[in-house]
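Structure first, commentary second.
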Amino acid sequence: MIDEEMVNALNRQLNAELYSGYMYLSMAAYFESIDLSGFANWNRVHAQEEFTHGMKFYDYLVSRGARVTLTEIEAPPTEWEGAFAVFDHVLRHEQLVTGLINKLVDLAISQKDHATNNFLQWFVAEQVEEEETAGGILKKVKLAGDNSSALLLLDKDLMGSSTGSATE
Ligand code: OFO
C-alpha cells in the first residue's frame, strides 16, 4: 500500500510535468511568433515529451491503486527576450525539476518505498539528459550571439529534431 503523503507528492509531480509541457508549448508559440520555426519545432516536440512524463506518473499511481487527482495548471510565461532567454529559462527550469525529483526520491527512501524509488530512478537519469540537452543548446545560442546567420543555421538544425533531446 502506497503512503498518502507519497500519493500527494506524486500527484504534485504529475502537475509539474504537465506544467513543463505547457511551458515548452508556450516557448514553441513564442518562437513561431518570431519566425524561428526550428526552435519552435524543438520546443513543441519537447512539450510532447513532458506530457509523456506526466502520463508516467498517472500510470504509476493507477498501477499502485492510488487516486490520480488533477489540479489547476499554472499559466506559463508567453514572452521572452530572444532564444538565449528561452534556453536560459529552460536550463533553470530543468534544474528545478531535478530538485523536485530528488525530493521525491528522498521521500521514497525515508518511507522505505522501494517500488516508488525504483520508478523514480528513470526520472533521475532523465533529468541528467534534460539538463545536458538544455545546457548544450544554451551554449550554441550563446555562441551564435548577435550573428543572425549562425542563429538561422541552428534553427535549421533544430527543425530536424524529433526527440526533443538532441540538436544533431
Ligand atoms: Fe519532465 O523533464 Fe523536463 O521538465
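In this chain, numbering begins with 1 at the start of the sequence shown. Atoms within a ligand are numbered from 1 in the order they appear, just like the ligands themselves.
Ring geometry for Phe123 against Phe57 counts as tilted: the plane angle lies between 30° and 60°, on a 0 to 90° scale. Note: Phe39 and Phe31 have parallel aromatic rings, judged against thresholds of 30 and 60 degrees for the angle between ring planes. Taking the six-membered ring where the residue is Trp, Tyr24 and His46 present tilted rings, their angle falling between 30° and 60°.
Protein N, O or S atom count below 2.8 Å of atom 3 (Fe) of ligand 1: the structure gives 4.
Judged as a side chain to side chain contact (heavy atoms under 4.5 Å, CB included), and not counting sequence neighbours, the contacts of Ala150 are Ala144, Asn147.
With values rounded to the nearest 0.5 angstrom, Glu94 atom CD is found 4.0 Å from Glu130 atom CD.
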Can you check side chain to side chain contact (heavy atoms under 4.5 Å, CB included) on Val97 and Glu17, steps first, answer last? CA-CA 9 Å; Val97 173; Glu17 298 291 343; 4.2 Å; yes
